[in-house]
Structure formats: C-alpha cells, structure tokens
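Take a look at the structure set out below.
For ligands, and for the atoms within them, numbers begin at 1 and follow the listed sequence. Quick note: numbers below take in every heavy atom, side chains included, and nothing from hydrogens, waters or symmetry partners.
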Amino acid sequence: MTRPNSAKYLPLVFLAASAFNSGCQKQTTSDNASATQVQSTATTQDTTTAAKTPQYLSQPLVTDIYTADPSAHVFNGKIYIYPSHDINAGTPENDNGDHFDMRDYHVFSMDDVNGKVTDHGVALDIKDIPWAKRQLWAPDAAFKNGKYYLYFPVKDKQDIFRIGVATSSSPTGPFKPEAKPIEGSFSIDPAVYTDTDGTSYMYFGGIWGGQLQRWAKGKYDSTAAPEPTTGNALLPKMAKMRKDMLGFDGPVKDVVILGEDGKPFPATNHDKRFFEAAWLHKYNGKYYFSYSTGDTHNIAYAIGDSPAGPFTYKGVLLNPVQGWTNHHSVVEFKGKWYLFYHDTQLSGKTHLRNIKVTELTHNPDGTIQTITAVKS
Ligand code: FUB
C-alpha cells in the first residue's frame, strides 16, 4: 500500500526549546486518581522531547489518565468535557492510526476554568456497543429533549468507521448506546452544534486514517488513496439532526471551505485544507468552522453566515502543539471564550495525550487571535 510522505500519527519530533511559561494555569487532578499510569509512561519519554525543555502555555487538566480531543460544553452552568481516553494498548503504530486504540470514554466536569477537574468515571465502554470493533475516537455531546447525547466514532466489525450515539439522563453518563450506528454516517470526529433557533447539525469527517476519502465516490472504497494529489481538497461533511437527535434529517452535505480568493483549496494545499477535528461555534451572529490541517498540525478556522456554510478561510486559531495530532473545541463560559486542546506534555508519545484549556480572543473585526500553546 502506498503511504503518504508524512506518516499519519507517527510521533512528531518536537523541537521546542526554551522558556515560555512553565505553568500559568493551576494544575488540577481528577477524582479516581491513580497517578502511576501516567508517571510510569512519562519515564519512557522520547529522548527527542526530553533533551530540551518546551515551555507550555497551560498545564494538563488531567494527570492520572491520558485524555485527548476535548469537546467542551456548558450544561447547567458547569463545563463538561468529553475527551478521548488514550491508552497504551500496545497496538503497533501505522499510518492509519491503529495505535489510537481506545476502549472507553470518561466525562470530566469543572465548576470553573481554573477549578478542580472531576473525573466521573467510565461513561461508555466499547464492550457495550454491539456493533463496534475497535478504536473509540474523538467524541462530542449534546443536550436536547431533557436528555444528553454522546456521539462517537468507532470502527464497526468490518473495520469501517461509523458514528454512533448513546443517551443518558445525566451529562456524565453512563450512556446507553443505540443498537446500530447512525444511518448514513461514516468517518470520524463528530461535532454537534445546536443553533440559537434550536436546530442541531453534525459536522464530521477525517481523511487518511479517518477514512473520509474512501467515501468520495458515494460508496465505501477501501482502495482509495489517503487523499487526492490533484484537483480540489476533500471537504468535511455535515447533516441536520433529527428532532430526536438519533439520526440525520436529510442528506449528508459537503461543508464548503473557500480561500479568501473565493476558490476551493487545491488538494495540495496541506497548510489550509481540512484534515479532521471539525468544530462549530457562533460569535456575533457569524458561524466559525474550525478544523485540524493534520499533517501541517494547525487548527485553522473559516467564517460563514449560515451553519451550512460556505465558510471562508480566515487563518490559524492554534499553532501546532507538541505531538502529531491537534484537536480542539471552542466554548463560551461566563462571558469569556475558551479553547480546549491537547498535547503530549505528560508522555512525549503521540498517542498518549493530555487535555488543556486556555482563553481565546475574538478581535473586534471578528478574526481570532492565534494561540501559540508551546514555545521554543
Ligand atoms: O484521537 C484519535 C484521533 O486523533 C481523533 O479522532 C483525531 O481528531 C485525532 O486527534
């Protein structure tokens, strides 16, 4: 099989060196503490990262287990974080990201951004999802109809990523999965946004190991190249959610991202094209679609006038972090905006990440101030 030049999800040699801020944020630990897992892995840190001392903008929110891909929401005046739960499963690394072999989700809550982080334990276990085979990747959550919904990508028994949904009466779970994946769903990284009129939309997709490219011709093709090398870049997907939040109400559509020249990005523009990690937030009546550029490691953003787009590229919201993947969420809490993200500060290993938070600023012209979370 042909491999891309820059191996997907293999460790990024991180070159950060000197002072920035060794911890402006209060470090908190979660409940259910068992610090040994993280500490023992940290001793096997890559020598490339150990040789120099990166300076981090924020400190890990959780230190006793590995967490990643934080989707943050405010429910009932509290912040709830729905991350991936990274583990050292021993699965060999490859371009498909098989070493991201996660098996459950924990939900975390915070009364305040600088306050204690509470781990509410296992909210959903892969063994309880009847159709799932492996790899619980980046989840998201929503509240509607008096219920909480957890959306999650996982490979089915045929090794095809699908998106599932599970429900609970509590934001912390436990969540009960539906018997089947969401009909018409595929690929990874669901992000569910509910607009001010109450309509909810799911944004999703991820290329390379996220398999989006395998659906480019309308049906699954396991032989598709990781992404095109000519023509336009592949686009993320979106669908309106049904009122019961358990399925799509209508067709899956492209999320159109245009450059500031009004043209789609060519597939060769790896600095700006969509890779994975979709998120949507609304600010001052505009819709902000943000995403990871994958092998160039940025979180980019584009602005539109409607949740359905089109979105016009505006720049980088978060520069590359330590580790290969970059994944985030943007949330408003008590009148301020926050970026939740992850890096590999605790482990130095690309598949053992830790979640973090920092403040995010919208400029008066609606653009976002680029955040640099680690400095050399
Ligand atoms: O955590 C597994 C995958 O890594 C996510 O689904 C991607 O967004 C990347 O962060």
> Does the salt bridge (Lys or Arg N to Asp or Glu O under 4.0 Å) test come out yes or no for Asp195 and Lys282, once each step is laid out?
Replying inline: CA-CA 8 Å; Asp195 204 354; Lys282 189 178 188 179; 3.0 Å; yes

>> So, regarding Asp69 and ligand 1 (criterion: nitrogen or oxygen to nitrogen or oxygen, under 3.5 Å), is there a contact or not?
In response: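 Yes.
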
>> Can you give me the closest heavy-atom contact between Pro70 and His327, atom names plus distance?
In response: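 Minimum heavy-atom separation between Pro70 and His327: CD-O, 4.0 Å.
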
Identify, by atom number and element, the atoms of ligand 1 in contact range of [X], meaning under 4.0 Å from any of its heavy atoms.
X: Met102; value: 1 (O), 2 (C)
X: Asp189; value: 5 (C), 6 (O), 7 (C), 8 (O)
X: His327; value: 7 (C), 8 (O), 10 (O)

> Do NZ/NE/NH1/NH2 and the carboxylate oxygens of Lys286 and Asp305 come within less than 4.0 Å?
Replying inline: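 Salt bridge flag = yes for Asp305 with Lys286.
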
>> With a 4.0 Å cut-off on N to O distance, would you call Lys155 and Asp98 a salt bridge?
In response: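 Yes, charged N to carboxylate O under 4.0 Å.
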
> Any heavy atom of Arg353 sitting closer than 4.0 Å to ligand 1?
Replying inline: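 Yes, Arg353 has a heavy atom closer than 4.0 Å to ligand 1.
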
> Stepwise, does the ring pair (Phe, Tyr, Trp, His ring centres under 6.0 Å) test hold for His73 with Trp279?
Replying inline: CA-CA 12 Å; His73 290 274; Trp279 188 259; 5.5 Å; yes

